[in-house]
Structure formats: structure tokens, C-alpha cells
Amino acid sequence: MRVDRRDFLKSLGIVGGALVVGCNTSAPEEKLHAYLSAPKAVVPGVAATYATVCRACPAGCGLWVKTREGKPIKLEGNPDHPLNQGKLCARGQAFVQSLYSPRRVQTPMVRVAGELRPASWNQALERAAEILGETRCAVVSGLEQGGYARLLQDAAAHLGGPHLCFEPLAPRPLAAACRLLFDRDEVPVFSLAQADQVLSLGADFLDTWLSPLQHAREWAEGHQAEQRALFVTYLGPRRHLTANMADDFHPLAADQCGPVLAALLRAVVARQKPTLTAALQEALTQILDKAPAPPRGLSDARLEQITDRLLSARAPLVMWGGPEVYGRDATTVATMVLLLNHLLGAFDKTVFLGRGHAWSKAAAHATVYSALHQAAHEPQQAVLLLGTDPLFSLPGGAALGAALQKAGRCIALAWEHNHSTAVAEVVLPAHHPLESWGDYEVERGLVGLLQPVRVPLYDSRHPGDILLDLTTRLGHPRRLPSSKDYVIEAWQHRCNDLAPNAWEDALSAGLCHVPAPTSTIVPLKPNRLHLLPPLYAASGQGVDLLVAATTLLYDGRGAGAEWLMETPDSLTQCAWEIPAELSQDLALTLNVSDGDVVTLTSPHAEVQGRVLVARGACPNTLALRLGGEHPALPEEVLAPNPMRLIGPVFDPLSGALVWVQGRIGMARSAKSTLASVMGSPHSEGRNLCLSMSASDFAKGRFPRMDMHGEVLPDAAGNYPDKRYAQMPVEEIALEGQRPANNMTPLTEHPEQRWGMVVDLDRCIGCAACVTACYAENNIPVVGRAEVLRGRELSWMRIEQHITADVRQGQVRFLPIMCQQCGQAPCETVCPVFAAYHTPDGLNAQVYNRCVGTRYCSNNCPYKVRRFNWFDYPRPEPGNQQLNPDVTVRPRGVMEKCTFCVHRIREARNRAAFEGRPLRDGEIQPACVQTCPTGALRFGNFKDLDAEATQWSQNPRGYRVLDYLLNTRPGVVYLRKVYADSQEGQG
Amino acid sequence: MSSASRSSDLLGHFAHVDTLVEAITAAQANAYEVCDVYSPVPVEAAQALISPGRSPVRFVTFAGGLCGLVGGMGLAIITSLIWNLVVAGKPITAVVPFMVVGFEATILIGAISTLLGMLIFAQLPYRRFPTPAYRASFSRDRFGLWLRCAPEQVEAVQRLLEEAGAEKVEVLSIAQGGRS
Amino acid sequence: MSTHHPQLGALSYGQVDHDILATLGRPSRAYLAILVFCFGLVCIGAVSYYHLLTKGMGVTGLNNPVGWGSFITNFVFWVGIGHAGTLISAILFLLRVPWRTAIFRAAEAATVFAVCTAGLYPLIHVGRVWVAYYMIPFPTGRELWPNFRSPLVWDLIAISTYLTVSAVFFYVGLIPDIAAARDRAKPGPRQFILKLLSLGWLGSIRQWKHYMGAYVLFAALATPLVISVHSVVSWDFAMSVIPGWHTTIFAPYFVAGAILSGLAMVMTILIPLRRVFKVEHIIRPYHLESMAKLLLVTSLIVGYAYFIEIFIAWYSGNPFEIAIFKYRATGEYAAIFWLMVICNAVVPLLFFKKSIRTNILALFIISIVVNFGMWFERYNIIVSSLAHDFFPTAWGIYEMTPVEWGIMLGAFGLFFLLFLTFVRILPSISIAEVKESMPHPLRGRKR
Amino acid sequence: MKHAQLFADVLAMRDKVHSPRDKSVSLALGLCGAIGLLLAFAGGSPGAGWLALLVATTMTIGVAAVGVVFAAIFHITAARWGRPFQRFAEAGVALMPLGLICLLALVLGGHAWLPWLQVDHLTGGKHAWLVRGFWDVRVLLTLVCTYALSLTFVYYAWRRDFCLGEVRAAFTGRLGAWLGRGITDAEREMARCTRRLDVLAPAVIIVYALAFSFLAFDLIMALEPDWYSTLFGAWYFISHLFVGLAAIVLITTVLWRRLSLERFVSMPRQRDLATLLFAFCLVHMDFFWSQFLTIWYAHLPEFTFYLIDRTLDPALPYHHLTWPALAAFFFIPFGTLLFRRVKSSRLLLSAVAIIAISGVLLARFIEAAPALLTLDSPSVTGLFLPLAATALVALGVIGVAIPLYQRLLTSIPLMPLSDEVFLATQTHEEHP
């Protein structure tokens, strides 16, 4: 109780503080522009939403920042942004946590006698200027494109060094290949929008590759069961989410992408010889002759299949990329990919050049590495790190770090402490992107605008302004007074809009979009192909080490956000765990099982990691996820940083890092347990996560659950048991009456019966919904120890099911949140009515009334209720993110999902206030709102025209365990429709 | 009162039930007033002579039980009507589960009223303890027969008691009107 | 209600009176030592609970699938113990079973104290004990009422009713004995208190009449109550939808189990008691053997339930039912399961042999074995079903933590502390009824 | 001295068992039965025949077995008051042949009525359990074994009486001769019988409980192959204990005047019997309630459909029978037996017994009917014929039972003369 009250007082304090601050700062001399209808000034209790850009990864999706009392509390996708169209991934959801990170740099710091000591801005800047004065300094920032980037370039020019955009996952080989083939140093834009056949070689396009949200959205559109236009084939060393969702999936060694492409090319060439120019043919032969053939681990029949699919495709698309496959021969392979796409006529259908994709600006790893190396070893060289942490993301970071610290010519502008700030001579606190002006041009003509959405938490400054300050101190006149002016200048230049308050409108919209010039087919210049090195085949002893980027941790920066660590990875079902994924054959030979600790040795380092046996991984591979050894991680998370295991080896042609460096040694060292949230993935013949074959779907033979389990209709389309469970709509028709399988009349819902439809066919397991739920509902983060005890508090979970019909190590995902049962077993057992059924069909949980008997949780068949075992700490400044609309639950009460009831109530009040009925789609729970593939739909089942209601009547629909328990859930699941082509394989 | 003032009391100590019963019968035959009989155990025979019939406590119990049933069901039904929340689609006035409440209440109130009934009819707690005729041995192994007669009959009664087999006969000296 | 007792013919009223009241004499050193030990246990329990109270439920081994653990196990266990008392005194009273008289007092005491102990557990186990009163039906300004559709509320009502009724029954039964004690007591505070407690009982024929009349009614009310109370406890589980919990046989099965455990506990207590208090001539092997027989019957019923549950699970073809029984027999809790079967359904079968039923040591050992067995039964039922219910993905494992052990020890300490204090203060064998069960002293006809 | 008189009285009872009207009564009842069967099988209501036969069978085999069970219970518990009723209880064995014949008929006709033969999706163990041949053998064996054990018990109980010379002399019939054969040392033989009884008594009870649980599963529960309930077996054998006790009450009250039982049974003892009936009425209801509440509350279709069909589906007529059945097997007996007046009046007591028995009969009917009958209309009239048939067949059983009973009652002493406990009750039995 006490703590409850304290929290309440705190939140009061926050509000009050906000008001005080709010007056003088959150409407500063430069006005912030709220989105359309939002109030101009901060009104307590009313959320103001601002548009900006997500900088959690280089994709540059549009953001809406929901602020209360001048504090950002929740990030949503910007519906008007063409890239993400209102959706947001888990990383985007968690981006707000980096604003409130406990590791924020709070004051300028200067190294004195080897120790970083707080200093005044002036001292720090003086020291920095001093360093810069006597050196040539490279400016290393994250990926930037636009006005701010221009500022950085100018500054770099003044400082006498280059401006490098460092992105660990930069697809340099593709850019290099483009240069070779088309004489353009750019990364083409890949789009699944029109594609009908997609072959992905390693590329995890649904969740980490280039522009995941966009790809995911396009995939969902093309792949939806009702009108399926898209077929995805995946070949690659790792079963990541994309592989898991692929219609046809086959594990393939990293170094076999080249040979496979070669084989495909050969096949294509064989078909198209007549149409090809002599030069091209000549070039092709040059490449293909260097290619070893045939590929290992892929049967000719399978290859045949794939080739046919590609050749018969209307708009094929071949994608390749990702750290798992970037090898010594990356450029060669990339070239082959582009060639194949070219020959398949994919250009301008699914592959676009000349869009000026931001990724093109990403610097080569080699360049960045050498910049750092010089700063470390050459007295005239310095480096200025701007927000990025190359020491964490580059091989040999540790050595570089030590040298840099010794050299003392490293200046770090950062908002969070990281490996680089640790070695810097001067550390200057920079604004968090949510605190700063800026812009980000995803591709030519699509400019996203950043605006500060809160008063800076600490004594930080805009990095751009800091640079301007420094250059001024060095005696270079400012071209423009501040970084904001650079942004405006760039905006004017790009979207020269002369309307009176165009700028304000642009800010409100968060972007300006000038349709990009549609590229014409760029002539292919085959004359330089002979420069390409031959394909490289891995050799030697040991295990293939695959460095992996994952949904939640991306290039490792995700590990900085608690939510992303607490959210279990859908594939590993582990929280607070970055396991070493071991292929099954290796697990057998090493005799290790999940949780065992193994020692990994490479020429460069020896590290330890917890094993997770990865079903469906390519034999003899060990995948290590980026994110290990992130400074934010607590001790007990035994996670190695894969970059330590590989050396600074770069592809000479593209300057890209060679990620696949071959073999490492491995030894079993100790027993331990994985912090898994999953009991058993095997469904044990329990019909929980259901699916059906595409052929059944085509024939309209929809299975239905009845008392005897899953039954198919007979020829006449009838089902044997009359007593099958009703679906929501039939049920609503029966309200007030007693259906055949009920002993009592059904409860009546006067106006609404809120419900959700979950399309298992669309769910890719990206866990954005789970993270969104954490963000929206003030769900405490419990940490690894508690997860091990089975005490995680997530209201929603993405379950992993291995059902009878899955193959090749794929798994099915089943998002489970409170089912809002019409006849909830949990309600009736509660002695105090803390759990009850609201008139609008929700399964309400009254926290104040809850005594904590935990009977409801016992009796909940879906096990979606969560108990507060302790009072969970919410340290400053993280508590500023708490959503004031949602109670912070005290120790000893049960909590659970209620379809974001506060949003429902708010919308209902608004509607009542405006004297109108609720509109369909007006209310969106956090999970539904953010789901990138639109797998979740929410609405009022009593409104037959509502989108959700329509979907709930889909014949694929079923309600989990309803046939057995008569719970009449408010959540309808639509079966996954799996491709028949998988039948009989694996 | 007036009769009491002229009456005198005798107490016979008995070691055996049959002698006690004999004495009671004789006393009643001679129309001596049997004030009370003390015994360490219930003696049906004696009771049949002194206060025949069954104890009326059972009616109190029955009434109590009935009230309990009605009260219990009533409580459950009325409260659920006052705070009519739907749980698990069960009816608001769900008689089936309320039966349990009704049953328990029946027993509870029934038992309590039984206790009250017993206390009332057995005059417990007995405020005027100990009565002049009560002896500690009556809670061990002796039976006490307390007779009252006119002063002139004292010897007769004494004889009667001794013949019946009283181990010892006391003539109680009671203050005038000490007992009524 | 005069069922003449075959074995007590030899004794006289006075002797009985003396021997039984003799148990209230000066306490021995050993007794005090045990008392102190029990108090120590209580302290351990208190400390553990304080830790729980200040830190939160998290200090237990409970987790998401397993919301109930040792606390509810102990709750059911103690309520079960609390059943022998009323069974022996009420049902056997109605059935006029002769061997009741010598032992029912101790049994009733055990009942009252066991139910008190049990009553603590729901409070210990709720997440917010400071609002536990929400469960009690009382009028508030906001007219909030408990949910009478919830088995927990039934439980609350049933247990409190049971406590009240058995306490009343216990006290009423004590009145004549308190009177006896009063009459032997030396003047002083003790006598004064006894005087108050005895309500001025005279043992006059009229008092006896209403007393006996009421006593039968108490028995008649208590009998269905005993059955209902543990049925209600069983319904805490049977009303749910959880495989292994939701099964119709639970009510009778739990009642039988409760009586089994209760009898076992009473035996465990009586056997040393009769020795220490030198009342072997009043509580005879005959009594213990009769209890052993009853114990055997209930153990057979429990065995029947075990068997039928598994058979029906197999017969049903319900994958969830089958899975849970497979899990119980082979999963993490298999040891508990098999111990349960052996202790409750196999070991008591030894009582078919007269030589064992009549061997005091064997009785004592087996009664303790059954006590353990019944604890395992509750643990097995509660934990295993929760650990593996519908969603394999949500399965989990529960293990007791030191805090829970501490609280459990505390409960045992409390129970024995109360009981031991009682046996020194008031007669733990009913004087009046032992006398009653003997043939009336008759001089026999003269002439 | 005293005993001689007692023996004389007991032996004299034999001649009072019969009365002139009995034959006609039993004939009339038997006729009812015949009509019932005719009506059932030829009455044009499919399934009614087997239904009637099934219900009658369950009741018959139940009553036949339960008598001995009570005898065994009396024997184990030192319950003195039950002794005078011992023989009347044991006489239940007279129904055993009839019960066996009925069951045999059911088994032979199994293909015509066993519903699970038509069901194709038998889940779980039912594949193995509900198999025709196995089922036949199982059901018959179960019953035969139970009966064999009961008969052994009864044999020793009666043989102990026949150790007494007077008894041997008095009963020279075939049964008597067999029971009394080869007795040389009466004392030792009696002791031996007693030892045997001590062992057999618990066995009888245990075997009864197990056997009848499984008969319940096989004969009644399996009629709805999709439905199952762990308590069903117990509920079934309890309800037959209830019926059996009611039958004992009925027989004794009917024969009371004829045999002038007040000679052996004082009014309080008669009330004790009534109280026991009351107790069983409560236990019976407790089991019903435990089963009903659990299903009602958790509300799982797997279980509820059974209740729905039988208690509230308006598309079926059975819900009309629910309350009558409840009233008959609980409310009426409970409401009446509360009162001493009813317990004391033999007339009222027998009436209550009859109502209770018919209540359980109705319950069995409701349990079995929906699975066996195919009704075209939800109107209760459709039930008239099957119900009437069932009732008539039941009467028929009684018709057949009467002479069997009398035959048996005339060939053994009606009081356990060799039972010290009984003799003790007779010596200092306090008189009303």
C-alpha cells in the first residue's frame, strides 16, 4: 500500500513539475508543433502527440510521440508515413526507453589523469577544441541524410577529416556491386509490393534487413491467405523470423549462396541466351567459370523447383544479405544477385535504382576502422564519435579502445554512455533524438523531420550545435546559426513548398514527401566484372560462426533497452538471454543441451555463452547474436559479443567487414539454465495453435473444433456434432437465450462486445505487440532471475508451437493475451468480484478490489493473468515514462490485459462528449495499433459491419479451447494457411 | 412464600441409581416436594419421574435452522441483486451455488440457537450456585435427592430416605424464605 | 444414550473421576520442554511470515502457472485434521458407537485447534492480507459485497461455521467436567475461573435433560456440517476447469481423506497421551483398534478414489485428463504421487491384520505414515495440476522455499502448543461420558 | 428358560409368513409385469422395451445385493439395534436368480440396445473397454462374483443358526437340511462360522462397492459414451444402498403385524431403522449434489450436455421428470422422516419407503432414457408409454419377488438366534 501511495504522489509531482517546466520550456522560443488536433499548450491530463522520426535503426520510420504533461510516454507509428504507415516494430516501441535511459550522459566530462571527470561545458569544449586544433579529425556518426548530415559534412570539412556514417549492418557489398554493374554507388530499393516470387538468400527482410517494417507490410499484403499473391523461398544458414515464415525453407551454408546463385544464373542464362548481349554473356561466363558447382546441401530437384518458380514468376525478386552471409566474396555474390534480378527482369518491378536510398550513404567498415585506427596511432589524427559506438560494433574494438584512450584523441558526443564514451578524452552530452531538431531523408524526396518532443532531461546540447560551437571556436565562421537552420534549409531545398506556414505543416506531418523520380532502367556495364574475386568456399576445422542480427536487438543496440531484453525473442522464447544458437548436429556431437555453457575460441578471443539448440539451423553452425556485452546488460546475462570472435578483415572491393570468417573452436564448460518463458513447445496433440493446408483452403474444407477435437466437414459440408462451439456473431444473435451447449442463457451486451481477431497467417512473431504492451500498460520489468522463476509479467506473449504439420524446424506463433471470455472461469471464482464481465464484453480486473488469492490465475485456462509478486522498482528517470492513464499495480494484486480499457473508455467519453456513436477503428489497443503486418484487428462484435466482426466470421476462425471449456472468448484466431509445397519435405 | 416459611428441606446422599429412583418414587407417592435431584450422569429413570417428556430445545433448533436457511439464501440473493455483476455468464441470482451458503447458514444459526435454547431451558449460567443442597460429591459419584416437607414430617422423610438406601441424610437449615 | 461399555465395568465413578482429574496435576519437566520447543517453532513461523509480509509473495516458490502451493496444501491438511474430532464425537455419538467416549474429547480439542491453525493459512497466502476483509460479507457505504458464487466465499463461510459449531460443541461437552474439576479444585483463582466456565452447573436432573436434548441436536447438526465443510474445501478445486481438479468424485473423496488424516492425527496424539497421563485403563487398545478399523475403511475409500480417477481418465480419452495423470505418476512430482499412494492406500491395509491393529507401536507408526501421506496427497493434487494445465507453453515448476518451510513448522508448533496447553488445563477425557458409558451403580434389589 | 421362549417365538414366525391373499397379489403384480413387457416391446415406442428391462434389472440386482451388504454392515459395527432386521436383509438374496436372468436377457439382446455400438468415434480407453464380447463377460462375471460372495456370507450366517439343534429340528426343508448338514461339534462349528463371517463381512462390502461401480459405468454411464463422471459409480451404489434399505424397511413394516415383530423390535429400534433410512436419503442427496454442482459450475460442454438433455432441454421431455424424481428420492423422504411421528408410524414409513424407491427408479429412468429412446416430439406424452412400461415391469419384478421371498423366509429362522448380540438385546431390551 505504502509504495502504491508513494507512486501516486510521485506521479503528482511529475504532473506538477511538468506544469512549471511546461510554461517556460515545452513551448520555447522556437515553437513545437503538435499534430493537427492536438492542443498548442500542454493541458494536464490531455495527451499531446508530436510527429518525428524513429532513429532506433536506419530505416527511418515516421513516429508519433504521445506526450503527457510534456513528457513522451509512448511512441506510435506515423500513419501518414509511407514507410511504416502507422506501424512500429519492437525497437521503435522501446526507443522511448533510450530517452529515459539510466545511462544518459548527464554532464560534460573530461579525462583527467586517466579518469573521466565532470566538467563545465566551457572546460569540456575548450579541451575538445584544443584536441581538434592540433589534429585532423574524422566525424563518425550514425546514418544521416539531409540537412543535419550536411551540417556534419561542413563540420567535418572544417575539422579536416571525412564524415563517416557508421552502420554495423551496412550492406556495402550491394552498393559496391551496383557500382560495378551500373556505375552507381548506391543500395537499390527492394520492394515486395508487386512481387509474386521472392527468393531470399539469408536476407531477414521481415525484421532486420534494410527496411523491415516496409518489407513486412508488403509481405503481409501480398501473402494474405484470402488472396495469396506471394510465395517466399528462403535459403540460408539460420532460421530467423523470415526463414520461419517462408513458404519454402531450406537451410543452406553461408558460403553456398554464391554457388546457388551461380546455378540459378546458369539456368536462367540457358533459357535466355538469345536475348542476352554478347558482352553480358561474356561477363557472365567470366563469373560463372570462377564459381564452383554444384552447391552443397541443396538437391538438384529442389534447385530445379526454385528456378522454375523464379522463371515463371511475373515479378520475381531475389534478395541476399545480412551478417550471416557477408563473406570474403560478398561483392561477387552481391553482383550475382543483381545480375540475376536483372536477368529475371526484376528491375523496376521489385528492385529500384536511383532512389538514393539512405543506406547508400553508410560508410564502409574499413574506412571507419582505419579512421579510428589512425586516431589511435597517428598524432595528427583524431576522431569525433557522434552517438555511435564503433568500439562495440567493430572487430578488435577492445584493442582500438585501449589505444584510443591512451592516445587521448577521441571526442564522444553521446546521449548514452557506451564503450566509446568510456575511452573518450572528452564526453559531451548530446540531445537524444527525441529532444532534438533534425531530418532524415530515407530516400530521395522522402524527408522525415525530427522535432524536440520534450525539454532536455539533462544538461545536454544538440550535437549539431556542439559541432558548430567547436568549429566556431576553431575560427571557422558558421554558414548557418544553428542545426535547426540546416534542417530548414535542407527541407526548403528538397521540398521547396512556398505555402505560408508550410514549415509548420511539415513539422506537424513529421515529413514532406516529394515523389521520387521513377528510375529508368540503368544500362548495365558488364565490362568490369573480371575485377571480381572468385567465390570463396569455407575450409578448415571447426564450426561456422554466424553473427546474427535479431528482431529485438538488431545490431546490438537493442540490448540497451530493458523492454527489449524482457520481451522474449519469439524464436528462442528466452528473456534476458542472448544465447549461442547451436545447430542440432553440433549439440549432439558436443553433447550439450539448452542452457549449457560453452567456451568459444577463435584466433581473436575466447568467450563463453549459453547454448540454445537451434532447430532448423544449417548443420555445423553456431549463431551468435549481436548485443552481447552491451554496457547496459547485467552480470547474469552471459552474452558474448560476437565481434570479439572475428578479426578486422575487410572485403577489398567494397570495404565491407567480412562477417563470415570461418571456423571457431568450441568446448562444453558448465551446466546452466536458459531464462526461457516457455514450458514445452510441443502441442502434445492439444488443438491450441491451428492451421490448414492451402489446398484445403482452396477447396473450402475448413476444419472445425467440436467435442471430439478437429473435424472436417463431410461432402455435403456438414459437421458431425451439432454441439460445436458458436462463433462470436452467432453467439451475439443468441444473447439472452440458452444455446444448445450452455446451461444458462448468454449474457447480454447492450452496446458493445469488444473483440479481437488474430490472423495467425499474418503473425511473423516480431513481438512488437508485446513491447507495445509493456510501453502502454506500465508493466514492470522483472529481470532474469524472476523470469527463471516463471514470474515474468507480460500481459501478452507470442507462444511458439511445434504442431504436427510444421516442417524443417519451423515453428508456429500464437499470440496469447487475455481472451476476454464471455464465460470466464477466472471471474466466477474471485471472492470479491475483482474480476468480472463488463457490459461491453471485457473481462475487467479491479486492482483496488483484488485481494490476491490467485484463484483466478489458477482457473484461467490460457494462463494470461499475472501476479505482482513484489513491488517492482521504477528508478528515475524511467518512471517519467509511466502512462498516467494506467494504474501502477501494487504488490499482491493480479493484473492482466483488458484490451487497453483506458483507451476504450477515453474514446467512449470523447464520443459521448461529441454526441456521436463510436466509430469503428476509432479504438485501437496498443498491440493492434503497432502490429506491422496487421495480424491483429480490434472492434465491436455487435457491430456487424465492423472490420473486426467481418474478419471474425472468416471460416478460418476458431476460438482457443472454446469447444472444450465453453469459455466463449472475445478473441478469434484465424488459422494459418501453410503452403502445400512444404508437404513431404524435411 | 408463606408455605416456604413453614417448610423444611432434607438432602439424601445416594451411592446407587436404583436406590435413588426408589426414593424418588416413594417421595412422590407421599407427595413430598422433590426440589431437585443432583447426579454426575444423566439418569433416564429419575428424569422420567421428575420431568417426563423430551426437552423442547429441538423446537428452538428447528426455528433457528429455518431462519438460517432463509437468512443465508436471502443474504446471497439480495447482495447479488444489489451488486449485480456478471461473472462467467452465470445468472445474477444463481440459486445453485447459493444453496451452499444457505446450507452453512442453516447449520450455523441452528447450532447457535440450540446453544441458546439449552442455556435458557437448563437455566445456565446458574446464578445462585451453589444451591444450599449442592455437594461437591454430586459431581463425582454421589446422587443427591433434595426433598421438602412440612416441619412435622421431617422424621418421616428421614426414615423414607434411609429405608430407600440413602447413605446419609442431611436436614438443611435454610434461612426463612432463603429459597423460593 | 446409554450404550453400556463392556470394558469399563471394573472401574467406579470415583476412580474415573480421580484418574482423569489427575491428568491436570503438576506438569513434568519433559512437558515444559516440549512446550518450549513448540513455542520455538511458532517463533520461526512468525519470523518467516514477517519476511513474507514485508517482501511479498515472491519469497515463496509460487510462480505464474502455480498460484497455489504449500499454503493451500497446509490449509487443506489442517482442515482435514480438524475432521476427526467432530466425526468421532458427532457421527459416532449418533451411531451410539461405544468406543467414542474415551477419546472424543481429545479429538474435539484437536479439531478446534486444527481449524484455528488452518484458518491462518488463507490469510498467509493472500497477496494483500490487509484487505482480506473484503471477502467477509459486511455492509459498506458503497454496498460492495463478496461474490457468493465463489467457492472461496463458501469456504470462508463453511470454515467459520465449522469453527464456531465445533467450538460450541466442544465447550458444551466440557461443562459437566469443568464442574467436576471445579468441585475438586482448591479455592483460588483457578477455582474461580472454573466456576465461571462451569456456568454454575449443578448436574440437576432438569439440567441433564435439556443438556442431553441439546447434545443430540448438536451432534445431528455437526454431522452434515463435517461432510459439507470438506466437500466445500474440495470444491475449491472441483469447481475449477483445471484437469485433475475438476472431477465429480472430489467431495466424497476429500471427506474420506479428511477423516483418514484426522483419525491418524488423533491416534498420533492419543497414543503418547494415554501413556504420559497413565490413563491406559481408560483409553484401551480396544479404542485404538476401533479407530484403526475406521481408519482402514476411510483409507479404502481414498484408495477407491485414486483408482477410479485414473481409470476414468483413461476411459474418458480426454487428452488433458490423461496427460495430467501421466504427469503425476511420471513427472517431476512422481515421488510425491507414489508416496501418497503408498502411505494412504497401501500401508493402512496392514490393519486388516488384527495383530497389527492391536500393536500400539505399529498403530503409532502407521498413523504418522498416514499423516505424511495425506499431506503429500494435497500437495500432489494442488501443485501438479497447476504445473501442467492446458497450455504446454505455460507449464512451470514449483518448489517450496525456506520461508514456506518456516511457516509450515510454525503451524505445527502452534497446533501442538495449543493442544498441550489444553490437556493441562482441562480434562482431555470426558469424565461425565466415561461414567455414563459405565453401567449405573446399582445396589441391587433387597428382599 | 428365557431363551426357550424366544426360540419358540422365532420358530413360530415361520407359519405366519404366508397369508391367503399373497398368491393373488403376486399373480396380479406378475401380470402387470407381463403387460408391461408386452407394452414396452410391442408398444411401438422404440427402445422402450430395453429401457424398461434395463431399469428393472438395475433395481433388482441392486436390491438383491444390498441386503447382504447391510447384513455385513450390521455384523461389523457392533450395532445392536440392527440385529432383528438381519435376516430380512439377507433374504434379499432371494432376488438374485431373477436379477441374473434379467441381466442375461440384457446381455443377450445387447446388439439391439447398446448405444455405443452405433458410435464410431470412441475416444481413449473406450476403444478397448466398450467392446461387445468383453462387455458381456465383464458385466455377467462382475455380478456373479458379487453374488457368490454374498451367498457365502449368507451361508455361514444361516449355518450358524443351524448349529442349534432346535433350529435344525424345526427347519427340515432342503435348504435347512443343506445348511445343517454334517454338524457334529455345534460349538466349534458356530465359532468357525463366526470367524468366517468376520472375514467375509468386510469383503462383501468392498466387493459390492467395486462391482457396482463398474456395473454403473457399464450399464448406465456407457449409455452416453461421450460422457463420464468419476463419482458416477459411487452415486450409483449409494443410491442402491438407499433403495435396498427402503426395501428392508418396506418388508419389515409389511410383515410387522403378521410376524408381530414388536416382540423383538422395540419402537426406538424401529425408529433407528427409519433414522438410518433418513441418513441414507441425505447421503444419497449429497452424492447427487456433489456430482450436479461440479458439472453445473465448471460448465464444460463435455459434461453439461448430459445434464442439459435430462434436466432442461425443452426439445426433450425429460426435464418434466426432474423435479418429480428429486421430490420422490429426496424432498419427501427428507421432509417426512424429520418427524418422530412418521418414524413411529409403520404405515407412513412404508409409504415413504415406496416413494423413495420409485424416486430412485425414476432417476435411473431419466439417466437411461435419453440414450435409449427415440422420441419424435418434446411433449411429455411421448414418455407415458415407456414410463408406464417401466413401472409395470418393476411391479412385475415385485410380483415375482414375493413368493421367492416367502419361500426363503419360511425356510430359515427369521431372527439370528445364534447371535449373542441379538440375544443380549433380547435379554435386557428396555421396553417402551
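Here the structure is a predicted model, which is why all the values come from computation and not from measurement. First the proteins, then the strands, lettered A, B, ... as listed; each starts at 1.
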* Could you give the distance from CG (D:Leu300) to NE2 (C:His246), rounded to the nearest 0.5 Å? -> 4.5 Å
* Go through the atoms of C:Trp235 and report whether side chain, backbone, both or neither lie under 4.5 Å from a heavy atom of chain D. => side chain
* Is it true that D:Tyr297 and C:Trp154 have ring centroids separated by less than 6.0 Å? -> yes
* **Ring centre gap for D:Phe214 and C:Phe311 strictly below 6.0 Å** => yes
* Structure fact -> Applying a strict 4.5 Å limit to non-hydrogen atoms, the region of D:Trp227 in contact with chain C is backbone
* Structure fact -> Closest non-hydrogen contact found for D:Asp286 with C:Ser231 is OD1-OG, 4.5 Å
* Checking heavy atoms, do the side chain of C:Ile301, its backbone, both or neither come under 4.5 Å from chain D? -> neither
* Structure fact -> Honestly, the part of D:Leu276 sitting under 4.5 Å from a heavy atom of chain C is neither
* Given the rule in the side chain to side chain contact (heavy atoms under 4.5 Å, CB included) test, do C:Leu95 and D:Thr77 qualify, once you have shown the distances and angles that lead to the verdict? -> CA-CA 10 Å; C:Leu95 297 177; D:Thr77 62; over 6 Å; no
* Could you state the interatomic distance from CD (D:Glu302) to CZ (C:Phe320), rounded to the nearest 0.5 Å? -> 9.5 Å
* Asked: Side chains of C:Met239 and D:Leu293: closer than 4.5 Å at any heavy-atom pair?
  -> yes
* C:Pro151 versus chain D, heavy atoms under 4.5 Å apart: side chain, backbone, both or neither? -> both
* Spell out, as yes or no, whether a donor-acceptor pair under 3.5 Å connects the side chain of D:Lys126 to the backbone of C:Gly317. => no
* Close side-chain approach of C:Ile312 to D:Met221, heavy-atom, < 4.5 Å -> yes
* Structure fact -> Interatomic distance, CD1@C:Ile249 vs OG@D:Ser213, rounded to 0.5 Å, equals 8.0 Å
* Structure fact -> Output for pair (C:Glu321 CD, D:Tyr228 OH), nearest 0.5 Å, gives 4.5 Å
* N/O donor-acceptor pair under 3.5 Å between C:Ser240 side chain and D:Ala298 backbone -> no
* Given that the side chain runs from C-beta out, which part of C:Phe352 has a heavy atom under 4.5 Å from chain D: side chain, backbone, both or neither? -> side chain
* Asked: Just one of C:Ile308, C:Thr248, C:Thr247 clears the side-chain contact (heavy atoms from CB on, under 4.5 Å) bar with D:Leu231, so which one?
  -> C:Thr248
* Contact origin within D:Leu282 toward chain C - heavy atom pairs under 4.5 Å -> neither
* To do: Please report the shortest heavy-atom distance between C:Glu309 and D:Thr230, naming the atom on each side.
  => CA-CG2, 4.1 Å
* Structure fact -> Taken to the nearest 0.5 Å, the spacing of D:Asp272 CG from C:Arg96 CZ works out to 4.5 Å
* Asked: What's the shortest heavy-atom distance between D:Gly233 and C:Tyr304, and which atoms?
  -> C-OH, 3.9 Å
* Side-chain touch C:Val241/D:His299, heavy atoms, less than 4.5 angstrom -> no
* **Contact origin within D:Leu122 toward chain C - heavy atom pairs under 4.5 Å** => neither
